[in-house]
Colleague: 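Handing you a structure now.
Hydrogens, waters and symmetry mates play no part in the numbers below; they use all other heavy atoms, side chains included.
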Amino acid sequence: MSELLEEQLIDFDHQTGSFSGISDNIREDWKKWAPNVNHELELKKAAGWLMKKEPRADSNYRNFLNSWMKRSSQPKPWENKSKCPTCGK
């Protein structure tokens with residue numbers, strides 16, 4: 001993880017549903033960790049999820065988004081495209 005990523009603060013505005021403070025360096029790190037993820041779409045999903053929650057003063061949005069991007073890059077069990085061993089479909 002880059003030093004800039006460690007120091008960069010990200011904020012979320014619950015009124016507008018938008019993040020601020022996401023630098024190009026953070027976006028580059030996300031591309032390294034999760035190259036096959038649509039990061040803009042995931043930011044919208046994360047914002048939507050946060051809008052449903054009560055705002056917290058102690059939230060660390062940088063860590064939240066880093067974890068979100070990492071999880072979004074992992075295979076989902078329901079997306080397994082392998083054939084069923086029983087029926088072959």
Colleague: Can you find a heavy atom in the side chain of Met51 that is under 4.5 Å from one in the side chain of Phe12?
Modeller: yes
Colleague: Taking only distance into account, with no hydrogens and no angle test, what donor-acceptor pairs under 3.5 Å do side-chain atoms of residues 42-49 form with protein atoms, sequence neighbours excluded?
Modeller:
{"unit_1": "Glu42", "atom_1": "OE1", "unit_2": "Trp68", "atom_2": "NE1", "d": "2.8"}
{"unit_1": "Glu42", "atom_1": "OE2", "unit_2": "Lys45", "atom_2": "NZ", "d": "3.2"}

Colleague: How long is the gap from CG on Leu65 to NZ on Lys70, to the nearest 0.5 Å?
Modeller: 12.0 Å
Colleague: List the steps and the verdict of side chain to side chain contact (heavy atoms under 4.5 Å, CB included) for Phe64 and Ile10.
Modeller: CA-CA 10 Å; Phe64 169 77; Ile10 296 174; over 6 Å; no
Colleague: About how many Å separate CZ of Arg27 and NE2 of His39, when rounded to the nearest 0.5 Å?
Modeller: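 Between atom NE2 of His39 and atom CZ of Arg27 there are 9.5 Å.
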Colleague: Working to the nearest 0.5 angstrom, can you tell me the gap between Lys32 NZ and Met69 CE?
Modeller: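 Going from NZ on Lys32 over to CE on Met69, the span is 15.5 Å.
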Colleague: Rounded to the nearest 0.5 Å, what's the gap from CG on Asp24 to CG on Asp29? Could you check?
Modeller: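 Taking CG in Asp24 and CG in Asp29, the distance rounds to 11.5 Å.
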Colleague: I need the minimum non-hydrogen distance between Ser72 and Val37, along with the two atoms involved.
Modeller: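 Distance-wise, the nearest heavy atoms are OG-CG1, 3.4 Å.
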Colleague: Looking at CZ of Arg71 and CG of Asn66, how far apart are the two atoms once the value is rounded to the nearest 0.5 Å?
Modeller: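 Here the rounded value is 10.5 Å.
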Colleague: If you measure from CZ on Arg62 to CD1 on Ile26, what distance do you get to the nearest 0.5 Å?
Modeller: 7.5 Å
